[in-house]
Amino acid sequence: MLKKSKRLGPVKQIAENNETAAAMKMNQSLQAQQESLAQLEKLKEYRNDYTVQFKTKGQVGVSASRLREYQEFVQKLDQAIEEHTKTVQSLQEKLGQHQQAFKKTNSRKKVVEKLIEKSKQHELRETGRLEQNESDDRMVKGFELD
């Protein structure tokens, strides 16, 4: 008969596979969130640079049509920043979900590992007890033959 610790081997493998898959999803989610955040920062930086440049040019004088174009462009940048901020927040939420999933799969794997370890310890104690009983039986039989 197969020992319990050996029978739990496939369960441990499944738990490890699930943990690995969850870790990969978490890492992909983290990378996507970081890339999106970097893009958002670039957008904000671009908007600030554009505003500074326009103010510098505005000191010399700007036509009304150029001012309107500037305002429209800045509004588009603001809309893009707002949309991208929502994307970053969405990716942050997704990352949180993937982190929770990873913690859950990691916890399950640890439970299986502890169960296997306890089973092995129990099996060792049982093996020791059986060996002691056999030794005791041999001793008793040895005395009976005398």
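Residues Y70 and Y46 fall within the same hydrophobic cluster, defined by Ile, Leu, Val, Met, Phe, Trp and Tyr side chains chained together at heavy-atom separations under 4.5 Å. Cluster membership for M24 and M26, using ILVMFWY side-chain heavy atoms within less than 4.5 angstrom, is not shared. Linking Ile, Leu, Val, Met, Phe, Trp and Tyr whenever their side-chain heavy atoms come within less than 4.5 Å puts F102 and L30 in one cluster. Both V74 and I81 are assigned to one and the same hydrophobic cluster, defined by single-linkage of ILVMFWY side chains at heavy-atom distances under 4.5 Å. One hydrophobic cluster, built from ILVMFWY side chains closer than 4.5 Å, holds both L77 and L40.
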Go through N17 and Q13 one step at a time and tell me if the side chain to side chain donor-acceptor pair (under 3.5 Å) criterion holds.
CA-CA 6 Å; N17 291 346; Q13 186 63 48; 3.0 Å; yes

K42 vs E45, salt bridge (charged side-chain N to carboxylate O under 4.0 Å, His left out): CA-CA, chis, key distance, verdict
CA-CA 5 Å; K42 285 180 183 178; E45 211 174 285; over 6 Å; no

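A salt bridge does not link E16 with K109: every distance from a Lys NZ or Arg NE/NH1/NH2 to an Asp or Glu carboxylate oxygen is 4.0 Å or more. Between E126 and R129 there is a salt bridge, since a side-chain N of the basic residue sits under 4.0 Å from a carboxylate O of the acidic one. Salt bridge absent: E113 and K110 never bring a charged side-chain N and a carboxylate O closer than 4.0 Å.
Between the OG1 atom of T87 and the CD atom of Q39 there is a distance of 9.0 Å, given to the nearest 0.5 Å. Taking NZ of K103 as the reference point, atom OG of S107 lies at 11.0 Å (rounded to 0.5 Å).
Here the side chain of H98 pairs a donor or acceptor atom with the backbone of K94 at under 3.5 angstrom. In this structure a side-chain-to-backbone donor-acceptor pair under 3.5 Å is present from T105 to A101. Side-chain N or O atoms of T56 include one that pairs as donor or acceptor with a backbone N or O of V52 at under 3.5 Å. A donor-acceptor contact shorter than 3.5 Å is absent between the side chain of S90 and the backbone of K86. Not a single donor-acceptor pair under 3.5 Å links the side chain of S36 to the backbone N or O of Q33.
A 4.5 Å side-chain heavy-atom check between L43 and R47 finds every atom pair outside the cut-off. Between L8 and S119 there is a side-chain heavy-atom pair separated by less than 4.5 Å. Contact annotation: the side chain of F54 approaches that of R66 to within less than 4.5 Å [non-hydrogen atoms, C-beta and beyond].
Judged purely by distance below 3.5 Å, without hydrogens or angles, the side chains of Q53 and D49 never pair a donor atom with an acceptor atom.
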